[in-house]
Amino acid sequence: MLLTNIKVPQEQVSFLQAVRQGLGREQGLFFPTSWPKLDIDALLQLGLVERSSLILQALLGDELSAADVDAMVSKAFTFPAPLVSVADDIACLELFHGPTLAFKDFGGRFMAQALAKAQAGSKTTIVTATSGDTGAAVAHAFYRQPGVQVVILFPKGKISPLQEKLFTTLGDNITTLAVDGDFDQCQALVKQVFDQKELVEKLSINSANSINISRLFAQICYYFEAVAQVPADKRHEVVIAVPSGNFGNLTAGLIAKALGLPIKRMVAATNSNDTVPRYWRSGQWQPKTTVATLSNAMDVAAPNNWPRVEALLKQGVISRDDIEAVMVDEDDTVLGVRQLSQLGYLSEPHAAVAYKALKRSLHQGEYGIFLGTAHPAKFKEQVENILGTPLALPEALARCAAEQGLSQDIPADFAVLQQALLKLEQA
Ligand SMILES: *Cc1c(COP(=O)(O)O)cnc(C)c1O
């Protein structure tokens with residue numbers, strides 16, 4: 001599939017080239033300009049792996065054989081995405097049954113497969129910024145993969161201690177840097193790395209955050225899995241609410257809709273970092289300073305996937321009415337976790353933001369799905385504070401919570417980061 005740099009449309013690359021490069025010239029995002037036609041009804045009959053492989057073959061079939069795509073999907077999607085009913089007309093799509101207990105395992109693991117194909121055995125260094133879950137998913141997906149060094153930047157003290165332990169305890173080919181700053185500063189540092197052409201070439205640097213197109217493509221697949229589990233009589237009434245930070249997840253849902261999946265409307269749910277809801281109302285793009293919230297993986301003031309949403313609108317495959325943008329403040333987030341608990345469903349702040357936004361949007365007769373992007377135990381402190389009851393840790397989390405974090409502190413200073421990268425090259 002040919003992908004075009006949204007900022008510099010003359011720059012066109014293949015899928016594998018885009019996977020290798022991450023970002024295009026002038027930090028432009030790669031994106032398709034047209035979409036294949038799919039037989040939706042037939043696809044909805046299939047299981048997750050078989051269906052996902054066919055969807056990705058439709059997108060990548062000109063570059064990768066059906067057998068290759070099949071193998072990549074089977075290796076990446078090794079866990080389910082169940083739709084769990086919480087009320088008559090509302091269900092949670094649980095995307096947290098992978099190794100790091102967050103939806104980013106889907107994108108991270110498929111990206112690891114795609115990059116292995118794209119690199120064809122040569123060395124590479126992955127530099128990525130995380131507001132929490134991307135780091136863990138990327139670290140686990142590439143842990144001990146031959147020829148791959150991973151460098152993860154995260155805002156020191158701004159992600160939950162458990163989240164941090166999930167990726168700072170691995171060591172080996174995983175280097176973690178605790179940046180004295182917020183997530184937007186971490187992201188800005190990574191962008192600066194990609195501006196240094198010489199450095200990028202010397203270390204063969206790649207980014208694995210939500211801008212990498214392979215992650216988005218993988219994420220399209222679980223929207224199909226969601227609709228496939230909706231009762232047949234409700235399939236044309238589906239509204240999906242997405243707890244959003246960088247807006248990769250929402251973009252993937254919009255692509256699924258553009259590919260023909262029956263989704264009536266997407267609800268873009270944010271916490272108090274509400275650049276998109278304000279933009280949707282006023283037409284003014286005015287990011288403010290990032291504020292810390294309970295749903296900290298969504299504490300993003302300048303969401304870097306937004307140009308792709310604009311591209312879908314410009315292509316005419318999505319219309320403005322397909323998206324509703326809703327801000328959910330801290331009080332309402334707490335209320336959401338409590339209300340879900342009263343319904344007998346244990347949740348956490350990110351999903352609760354989507355749940356509350358969905359409740360505001362949903363009309364009579366519609367069927368609402370909110371995405372469960374992380375396991376409640378990943379946000380143990382917040383959930384325990386809100387509900388006032390202790391929460392047990394699943395095996396995988398309990399194990400790494402007991403281990404020693406190995407991250408190094410650095411200031412939000414590009415020169416320091418550059419030195420760290422060069423040192424890694426010499427090691
Ligand atoms: C990353 C993340 C989000 C936000 O997803 P985007 O694709 O960046 O919008 C929401 N919830 C959780 C738990 C996350 O880790």
Side-chain angles (χ1 to χ4, degrees), residues 29 92-108 111 128-140 152 154-155 158-160 162-164 166-167 183-184 186-187 207-213 215-220 222-223 240-256 266-271 273-277 290 293-309 323 325-328 333 336-337 347-355 357 370-380 382-383 397:
L29 302 172
C92 178
L93 181 72
E94 294 188 344
L95 299 172
F96 49 74
H97 296 285
T100 71
L101 308 177
F103 81 95
K104 293 191 173 81
D105 281 325
F106 279 97
M111 151 123 197
T128 192
T130 184
S131 57
D133 292 332
T134 313
V138 166
H140 281 260
I152 296 171
F154 66 98
K158 296 205 169 65
I159 67 179
S160 89
L162 267 173
Q163 256 183 328
E164 188 175 323
L166 261 174
F167 63 94
F183 174 64
D184 287 306
C186 294
Q187 197 155 261
S207 169
N209 64 18
S210 61
I211 56 181
N212 195 290
I213 193 73
R215 300 172 55 93
L216 275 188
F217 282 4
Q219 290 175 252
I220 297 169
Y222 53 66
Y223 286 93
I240 302 184
V242 183
S244 296
N246 258 324
F247 282 77
N249 215 354
L250 185 93
T251 306
L254 292 171
I255 295 173
M266 300 283 298
V267 180
T270 73
N271 59 29
N273 296 287
D274 61 345
T275 305
V276 167
T290 316
T293 73
L294 287 165
S295 48
N296 59 44
M298 293 154 60
D299 291 348
V300 183
N304 61 11
N305 266 299
W306 191 255
R308 285 176 167 144
V309 176
I323 306 170
V326 177
M327 186 274 269
V328 173
T333 305
V337 174
S347 193
E348 54 73 47
H350 302 78
V353 165
Y355 172 70
F370 63 101
L371 301 193
T373 43
H375 192 291
K378 280 193 101 165
F379 298 92
K380 185 171 155 50
Q382 290 97 317
V383 175
L397 269 185

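Just follow the structure's listing: the first ligand is 1, and inside any ligand the first atom is 1. Values below: every heavy atom of this structure, side chains too, minus hydrogens, waters and symmetry copies.
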Tell me which donor-acceptor pairs under 3.5 Å the side chains of residues 372-379 have, and how far apart each pair is, sequence neighbours excluded?
from	atom 1	to	atom 2	distance (Å)
H375	ND1	A377	N	3.0
K378	NZ	T100	O	2.7
K378	NZ	D133	OD1	2.8

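- Looking at ligand 1, you'll find an N or O of F247 within less than 3.5 Å of one of its N or O atoms.
- Judged purely by distance below 3.5 Å, without hydrogens or angles, the side chains of N212 and R215 never pair a donor atom with an acceptor atom.
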Go through the steps for V300 and T290 under the test side-chain contact (heavy atoms from CB on, under 4.5 Å), then give the verdict.
CA-CA 6 Å; V300 183; T290 316; 5.9 Å; no
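- Atoms CD and CZ, from Q219 and F103 in turn, are 5.5 Å apart once rounded to the nearest 0.5 Å.
- Ligand 1 has no nitrogen or oxygen under 3.5 angstrom from a nitrogen or oxygen of S244.
- Between F379 and ligand 1, no pair of N/O atoms sits closer than 3.5 Å.
- Contacts with ligand 1 closer than 4.0 Å are made by no heavy atom of K378, backbone or side chain.
- Heavy-atom contacts of T373 reach the following atoms of ligand 1: 10 (C), 11 (N), 12 (C), 13 (C) (cutoff under 4.0 Å).
- Within the structure, ligand 1 lacks A102 among the residues with a heavy atom less than 4.0 angstrom away.
- At a 4.0 Å cut-off, not a single heavy atom of F96 sits close enough to ligand 1 to count as contact.
- Proximity to K104 (heavy-atom distance under 4.0 Å) selects the following atoms of ligand 1: 1 (C), 2 (C), 3 (C), 14 (C), 15 (O).
- Applying the salt bridge (charged side-chain N to carboxylate O under 4.0 Å, His left out) test to K158 and every residue at least two apart in sequence or in another chain returns nothing.
- Considering backbone and side-chain N/O atoms, N249 comes within less than 3.5 Å of an N/O atom of ligand 1.
- Taking only nitrogen or oxygen atoms, main chain and side chain alike, N246 reaches within less than 3.5 Å of ligand 1.
- Applying the 4.0 Å criterion to heavy atoms of A374 picks out, from ligand 1, the atoms 13 (C).
- At under 3.5 Å, a nitrogen or oxygen of G248, whether backbone or side chain, sits near a nitrogen or oxygen of ligand 1.
- The NE2 atom of H140 sits 9.0 Å away from the CG atom of L101 when rounded to the nearest 0.5 Å.
- The distance from atom CG of L294 to atom CD of Q382, rounded to the nearest 0.5 Å, is 6.0 Å.
- For the residue pair N273 / D299, a side-chain donor-acceptor distance below 3.5 Å is found, with atom types taken as modelled.
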